Participant: 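Have a look at the structure that comes next, please.
Numbering starts at 1 and runs along the sequence shown. As the structure is a prediction and not an experimental result, all values here were calculated from the model.
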Amino acid sequence: MIRITELSLPLDHPADALREAIVTRLQISAAELINFTVFKRSYDARKKNSVILFIYIIDVEVRDEAALLQRFADDKHIRPAPDTHYYPVGHAPDSLSERPIVVGFGPCGLFAALLLAQMGFKPIVLERGKDVRRRTKDTWALWRKKTLTPESNVQFGEGGAGLFSDGKLYSQIKDPKFYGRKVMHEFVRAGAPEEIMYVSKPHIGTFRLTGVVSTMREEIIALGGEVRFESKVTDLVINDGQLEGVVLANGETLHSRYVILALGHSSRDTFRMLHRQKVFIEAKPFAVGFRIEHPQSLIDQARLGKYAGHPQLGAADYKLVHHAQNGRAVYSFCMCPGGTVVAATSEPERVVTNGMSQYSRNERNANAGIVVGINPEQDFPGDPLAGVEFQERLESRAYELGGSDYCAPAQLVGDFIRGKASSEFGEVEPSYKPGVRLGDLAPSLPDYAIEAIREALPAFGKQIRGFDRDDAILTGIETRTSSPVRITRDYETLQSLNLKGLFPAGEGAGYAGGILSAGVDGIKVAEAVARSMLASHNDAASV
C-alpha cells in the first residue's frame with residue numbers, strides 16, 4: 001500500500017472526484033489504481049470566508065507499487081503506508097486455569113477485557129455500577145427528579161464516565177503501534193458509524209455509544225469472559241508483596257494474581273483503600289473551573305464563517321488557552337458542540353458538572369469546560385489524597401451555592417467578569433438539569449482560579465467573537481477533569497511499583513484522559529497481563 005498525504009479537494013466535491021484526484025496526483029491511468037481507503041479526512045477553515053477544503057490522507061493499492069515509489073522518491077507526501085493492523089501478543093493455552101480480573105468497565109476496562117477475551121484468557125470483569133440500560137435510568141432520575149444513586153450515575157456503571165459525554169474519540173497521545181485504530185475498529189464492529197475510522201474528530205454520541213458498549217460486553221461473554229455488575233471491590237488480598245485476589249462488598253473473595261485496576265477518576269473510596277493498603281500512589285495535577293454555554297450558531301459563525309451550518313461540517317468546536325498574569329493556565333476542556341451541561345456527581349450533597357452531546361449535535365447550545373490548571377505542590381500539598389479532599393470541598397460548596405438540592409450555581413459571563421451577582425437570564429438559556437440558581441460564582445473556586453478565568457474570558461472573546469458576551473452562562477463546577485492521583489506503575493511491566501500482580505490502568509490510575517486514550521491504555525495493559533501470564537505458565541510447565 002502507498003500513502004498519499006495532503007490531498008486537497010473542495011468541500012462539496014462529488015464522490016468520484018476523490019478517485020480522479022488520486023489518479024492525477026500519482027500520474028497513473030485509472031486502470032492502474034486497484035483500490036483506495038480514506039485513512040483520515042480533516043478540513044482547513046483558516047480561510048473560512050473564502051474557501052474551506054477537505055484535506056485527505058489516502059492509502060492506495062496500485063499495480064506497480066515499487067516503480068511508483070521510486071518515481072516519487074523525493075516527494076514526502078507519497079510514501080509506503082504503515083501497517084496499522086493489530087497483532088495479538090499471544091493466546092492462552094487450553095491448560096491455563098487462572099483467570100485475570102478486570103476492575104472497572106469504563107473504556108479502559110472494556111478494551112482490556114475485550115483483548116484478553118480475544119486472546120483466550122477469559123477475564124472476570126467487576127463493575128461497581130449497573131449495566132448500561134439500568135444505569136441510564138438511574139442517571140435520568142438525578143437529572144429529572146433530583147434522585148441520586150451513588151453507585152449508578154454519570155461516573156459509575158457500564159461504559160464509565162465517557163458514556164455520558166460526547167463520545168469523543170480523538171486524542172493527542174503518541175500511538176506508534178496504532179492501538180487507536182484497534183479501538184476504532186472494535187467500535188465499528190459493535191455498531192458505531194464507519195466514519196469514525198477517518199474523520200479528524202470522530203464521535204459516537206452518548207445514546208449510540210450505549211448500544212455499542214453492550215454489544216462489546218456480549219462479545220466478551222461469548223468468548224468465555226464474565227461480567228459482574230454491582231460488584232464493588234473493597235479490599236485486596238496481599239501476601240508478601242504479591243496480589244492474590246480481591247474482596248467484594250458482599251464479602252466474596254476472588255483469587256487471581258493478575259488484576260487490572262481500570263478505575264474511573266471518581267473512585268475515591270477505592271483510592272483510599274489502596275492508600276490504606278500502602279499501594280504506591282501519588283497526587284497529580286488536574287484542573288477545576290466551570291461549564292460555559294453559548295448559542296451553537298455563534299460558535300458556528302465564528303469558526304466557519306459563511307460555511308456555518310454546512311451539513312458536511314456539522315456543529316463547530318473550539319480549543320482555547322490563555323496564560324494569565326497570575327501564572328495560571330486557563331483552557332477549554334471537553335468541548336461539546338450542540339450539547340448539554342449535565343449533572344455528574346456520584347456522591348450525596350455534592351454538585352459536579354460535565355458536558356454531553358448526541359451523535360447529531362443539534363441541541364441549541366455549545367458548551368465546554370473553562371478550567372484552570374492546579375498542581376499538588378502549589379495548591380494541595382500533603383498526602384497523596386490531598387487532591388481528592390480538595391475536590392470534595394469544592395463540590396460540597398457548589399451544592400450549597402446551588403440551593404442544596406442538586407441544582408447548580410450559575411452566573412452570566414458579563415456579571416462574572418464585573419464581579420456582580422446575576423439575577424436574571426438573557427437570551428442564552430442554561431441546559432443543565434435539574435436546573436440552575438443564579439448568583440455569584442466567586443465563592444465556588446479559589447481566588448486564583450476566579451482571577452485567572454475573569455482575565456481569560458475577554459481574551460477568548462478576541463479569538464471567538466462573542467465568547468465573552470454578557471448573557472453567556474457559566475455553570476459550576478467542573479472538578480473531575482482528570483484523576484487527582486496516579487497509581488504509579490513500572491514502565492516495563494505496567495505493574496504497581498510495590499505490589500506485584502496489580503496493573504493500574506486508564507484514567508483513574510492517571511494514565512489516560514478520554515475514551516480513546518483509555519481504550520488504548522486498556523489494550524497496552526491487557527498485553528502486559530497476557531505476557532506475564534504466559535511467561536508464568538511456561539516457567540511452570542518447564543519445571
Side-chain angles (χ1 to χ4, degrees), residues 128-129 138-139 141-143 146-157 160-161 164-165 263-272 283-292 333-334 341-356 367-376 379-380 382-411 416 430 432-450 453 473-485 507-508:
R128 65 190 293 170
D138 290 338
T139 301
L142 174 61
W143 297 350
K146 304 181 182 179
T147 301
L148 173 67
T149 304
E151 298 293 343
S152 181
N153 45 62
V154 166
Q155 306 298 345
F156 298 137
F164 291 96
S165 67
L263 304 176
H265 56 42
S266 295
S267 299
R268 293 167 174 170
D269 48 4
T270 310
F271 295 155
R272 289 187 165 103
K284 62 172 280 294
F286 57 101
V288 297
F290 308 123
R291 278 273 147 184
I292 192 168
F333 169 80
C334 185
V341 180
V342 299
T345 187
S346 55
E347 299 169 354
E349 299 185 358
R350 291 191 170 122
V351 162
V352 183
T353 66
N354 193 16
M356 183 181 83
N367 77 79
I370 299 296
V371 296
V372 180
I374 59 176
N375 62 80
D379 302 312
F380 47 95
D383 70 29
L385 300 180
V388 173
E389 295 165 358
F390 182 90
Q391 289 176 327
E392 290 172 337
R393 290 193 298 271
L394 295 183
E395 293 166 13
S396 295
R397 180 60 174 149
Y399 180 78
E400 296 170 1
L401 292 171
S404 299
D405 63 353
Y406 296 108
C407 287
Q411 190 173 10
F416 175 79
Y432 179 91
K433 302 297 181 186
V436 305
R437 286 191 170 88
L438 288 174
D440 184 6
L441 285 174
S444 67
L445 292 178
D447 290 344
Y448 59 78
I450 297 297
I453 295 173
I473 300 290
L474 291 170
T475 303
I477 59 175
E478 177 110 12
T479 51
R480 304 191 192 181
T481 50
S482 66
S483 181
V485 302
E507 190 156 352

Participant: Under 4.5 Å between any side-chain heavy atoms of His265 and Thr481, yes or no?
Facilitator: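 No, their side chains stay 4.5 Å or more apart.
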Participant: Locate the shortest heavy-atom distance separating Asp440 from Ala442; write the atom from each residue and the value.
Facilitator: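 Smallest heavy-atom distance, with atoms named: OD1-N, 3.0 Å.
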Participant: Do Val341 and Asn354 have side chains that approach each other closer than 4.5 Å (heavy atoms only, starting at C-beta)?
Facilitator: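 Val341 vs Asn354: side chains apart.
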Participant: Using the ring pair (Phe, Tyr, Trp, His ring centres under 6.0 Å) criterion, which residues pair with Phe380? Sequence neighbours excluded.
Facilitator: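 Once residues adjacent in sequence are excluded, the partners of Phe380 under the ring pair (Phe, Tyr, Trp, His ring centres under 6.0 Å) criterion are Phe286, Phe390.
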Participant: Is Arg480 salt-bridged to Glu392, going by a charged N under 4.0 Å from an acidic O?
Facilitator: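 Looking at Arg480 and Glu392, the cut-off is not met.
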Participant: Please enumerate all residues that pass side chain to side chain contact (heavy atoms under 4.5 Å, CB included) together with Glu349, with sequence neighbours excluded.
Facilitator: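 Applying side chain to side chain contact (heavy atoms under 4.5 Å, CB included) to Glu349 gives Tyr399.
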Participant: Excluding sequence neighbours, so at least two apart, what forms side chain to side chain contact (heavy atoms under 4.5 Å, CB included) with Pro285?
Facilitator: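 Pro285: side chain to side chain contact (heavy atoms under 4.5 Å, CB included) contacts with Asn375, Pro376.
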Participant: Do the non-hydrogen side-chain atoms of Ile370 and Phe333 ever get within less than 4.5 Å of each other?
Facilitator: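 They are not in contact (no side-chain heavy atoms under 4.5 Å apart), so the answer is no.
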Participant: Is there a side chain to side chain contact (heavy atoms under 4.5 Å, CB included) between Ile292 and Asn367? Walk through the geometry before answering.
Facilitator: CA-CA 5 Å; Ile292 192 168; Asn367 77 79; over 6 Å; no
Participant: Run the side chain to side chain contact (heavy atoms under 4.5 Å, CB included) test on Arg272 and Leu385 for me, step by step, so that the C-alpha distance in whole Å, both residues' side-chain angles and the decisive distance to 0.1 Å come before the verdict.
Facilitator: CA-CA 8 Å; Arg272 289 187 165 103; Leu385 300 180; 3.6 Å; yes
Participant: My understanding is that only residues two or more places apart in sequence, or in another chain, count here; which of them pass side chain to side chain contact (heavy atoms under 4.5 Å, CB included) with Ser444?
Facilitator: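 Partners of Ser444 under the side chain to side chain contact (heavy atoms under 4.5 Å, CB included) test: Phe290, Leu401, Leu441, Ile477.
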Participant: Looking only at non-hydrogen atoms, find the nearest pair between Pro430 and Ile473 and report the distance.
Facilitator: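 Of all heavy-atom pairs spanning Pro430 and Ile473, the closest is CB-CG2, 4.1 Å.
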Participant: Among Thr149, Asn153, Thr345, Thr147, which residue satisfies the side chain to side chain contact (heavy atoms under 4.5 Å, CB included) criterion with Leu142?
Facilitator: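 With Leu142 as partner, Thr149, Asn153, Thr345, Thr147 yield a single side chain to side chain contact (heavy atoms under 4.5 Å, CB included), made by Thr345.
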Participant: Under 6.0 Å from the NZ atom of Lys284, do we count more than 12 heavy atoms belonging to anything else shown?
Facilitator: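 Enclosed.
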Participant: Please identify each residue that fulfils ring pair (Phe, Tyr, Trp, His ring centres under 6.0 Å) with Tyr432, with sequence neighbours left out.
Facilitator: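 By the ring pair (Phe, Tyr, Trp, His ring centres under 6.0 Å) rule, Tyr432 matches no residue at all.
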Participant: Under the rule for side chain to side chain contact (heavy atoms under 4.5 Å, CB included), what residues qualify as partners of Glu151, not counting sequence neighbours?
Facilitator: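 For Glu151, the residues satisfying side chain to side chain contact (heavy atoms under 4.5 Å, CB included) (neighbours in sequence not counted) are Arg128, Phe156, Lys232.
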